[in-house]
Number of protein chains: 2
Amino acid sequence: METRYEKLERPRRLPDEIAARLTRQIDDGAIKPGDKLPTEQALANDFGVARTVVREAISQLKSDGIINSRQGVGAFVADSGTRTVFRIGEACFAKRKELAQILQLRTSNEAEAAFLAAAHRNEADLDAMNDQITIMRESLEKSGATNGERRYEAERQLYRNIARASGNGFFVDFLGMLDGRIDQSLRSVAIKNMIAVESRKEVLAEHEAVFEAIVEQDAEAARIAARTHFANAATRLISRANLADV
Amino acid sequence: METRYEKLERPRRLPDEIAARLTRQIDDGAIKPGDKLPTEQALANDFGVARTVVREAISQLKSDGIINSRQGVGAFVADSGTRTVFRIGEACFAKRKELAQILQLRTSNEAEAAFLAAAHRNEADLDAMNDQITIMRESLEKSGATNGERRYEAERQLYRNIARASGNGFFVDFLGMLDGRIDQSLRSVAIKNMIAVESRKEVLAEHEAVFEAIVEQDAEAARIAARTHFANAATRLISRANLADV
DNA sequence: ATATGTCATGTTGTCAGACAACATTACTTA
DNA sequence: TAAGTAATGTTGTCTGACAACATGACATAT
């Protein structure tokens, strides 16, 4: 019996820690839009680090549109409406309410992607989807961790294929980001779920319903089927994960 | 007559330029996931800048999950599935096809937010929405740039209020980011649109339909009404903007 | 022969100091 | 009163150094 270990996380670097603290102060309203940050030298003194470290932290915040800096003047907190990125904090995945909201966001967008895919898909798209459905079917009756992981990966690939078939690259990127974040935080839970869930046939039927609707170019049916699956998946995931009720 | 000037953009800094070039190389596939980047010193020599500048650039990419670096080893391109942020490049807003896709993404999510808002809204939410509708009505018959801008801002605020009423903070953040990016790139076009569009009454009616559905807690009607408005708005915006047909 | 310990090397992470580029303010001058 | 000028402070960039760490080669012991 080979015991599997999870990859261990590397220690946080100083610039990331400082970026996180500044971000939190801004999100909490301790520093408001328009306010001027302390000078880099002052921040370096306060945090007890070199100015280069502070600069790396500020560089990160600038690239997110959280702050703007002007040479010779200073760095200022930007309006909340000027953020250039959408990101989800690590901690959100550990809280029941916030995780439910994240999965709600995903469900909506996966449903829309399936809707669009039904209209735009070509034969190559269908083949790619069918490959994953086939893997799921073959793995259906088998047990064990390896097969659970195989079904999990097949499912992820199936919905990546659907997103791609939508013809809208922004859905691909956005859903890919959401899936990656969820995988990063909840992969082991999701795979355990795959192994344990007693109603595998019903889950497979959910995927098949989505696929068949896309084959038939029935966009509304695809949307409903995808929404059904991801809503169910969210319920299963939340009930199985070990979450805080903040 | 006071002529208005747009805020002028400040020159790009070296770390941002380097981060952009590296990102592009990765997106283009010139450097693939798993590949090791040149050492910081080598990059500094190639670009003809100091290592601190390269480090700031890499620090940005790390915070996006595009690369991972390990002390004593090097920096490596991460798998595309491990990106921690969703961002939209500036250039996308100038291309017809990509802008259409961005607006499609927004339409879908605004519709879902309205759907959720119909179920979760409280009286304070409705008041906030009604304030904006009132502003729109009062401004309806008036002309001029100022009134166009007023209607534009009222509309933005209305849908921010709806997103907030959804009770899901991630919709608020995501839609806020999309709206901010669109505003940044197309504000003047959108306002001109507000001033010029001959069918103001019909547009106002679209907003009122969304609002009334949310008042009546008719979630499906709210979704359809919001989808209708944003789809129409997308068509208007694209037809008026000066876009490349890449 | 295999496993363990040690060291040299190269890379990233952090520190310190310096100067350039720039914006603001106060001051000077026409 | 208006325009020009200098002083000051901040961010942007450069340079050099050392610390922290990982890797691979080598030596040693069992």
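Quick note on labels: first sequence line is chain A, next is B, and so on, each numbered from 1.
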Mind checking salt bridge (Lys or Arg N to Asp or Glu O under 4.0 Å) for [X] and listing every partner two or more places apart, or none if nothing turns up?
X     : value
B:R12 : B:E17
B:D27 : B:R83
B:D64 : B:R87
B:E40 : B:R51, B:R55

Quick test of your reading: applying salt bridge (charged side-chain N to carboxylate O under 4.0 Å, His left out), list the pairs with at least one residue in residues 156-178 of chain B, sequence neighbours left out, ordered by first then second residue.
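Counting only pairs at least two positions apart or across chains, the salt bridge (charged side-chain N to carboxylate O under 4.0 Å, His left out) contacts touching residues 156-178 of chain B are B:E153-B:R156, B:R156-B:D179, B:R156-B:D183, B:R160-B:D179.
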Applying side-chain hydrogen bond (donor to acceptor under 3.5 Å, both in side chains), name anything that partners B:D125, two or more places apart in sequence or on another chain.
none
Near DNA chain C, under 4.0 Å by heavy atom, which residues of residues 54-63 of chain B?
B:R55, B:K62
Of all of residues 67-78 of chain A, which get a heavy atom below 4.0 angstrom from DNA chain C, listed by number?
A:R70, A:Q71, A:G72, A:V73
Among A:E155, A:R200, A:E149, side-chain contact (heavy atoms from CB on, under 4.5 Å) partner for A:M194
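Among A:E155, A:R200, A:E149, the one that satisfies the side-chain contact (heavy atoms from CB on, under 4.5 Å) with A:M194 is A:E155.
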Decide if atom CZ of B:R24 counts as having more than 12 heavy atoms of other residues, nucleotides or ligands within a radius under 6.0 Å.
no
A:Q71 and B:R13 side chains, donor-acceptor separation under 3.5 Å:
yes
Excluding sequence neighbours, so at least two apart, what forms ring-ring contact (aromatic ring centres under 6.0 Å, His included) with A:F230?
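Per chain and number, A:F230 pairs via ring-ring contact (aromatic ring centres under 6.0 Å, His included) with A:Y159.
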Outermost DNA chain C nucleotides near chain B [under 4.0 Å, heavy atoms]:
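Under 4.0 Å from chain B, the extent on DNA chain C is C:dG10 to C:dT14.
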Using a strict heavy-atom distance below 4.0 Å, which residues from residues 33-51 of chain B are in contact with DNA chain D?
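Residues of residues 33-51 of chain B under 4.0 Å from DNA chain D: B:G48, B:V49, B:A50, B:R51.
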Tell me, please, which residues at least two apart from A:E90 pass side chain to side chain contact (heavy atoms under 4.5 Å, CB included).
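Partners of A:E90 by the side chain to side chain contact (heavy atoms under 4.5 Å, CB included) criterion, ordered by chain and then number, come out as A:R181, A:Q184, A:S185.
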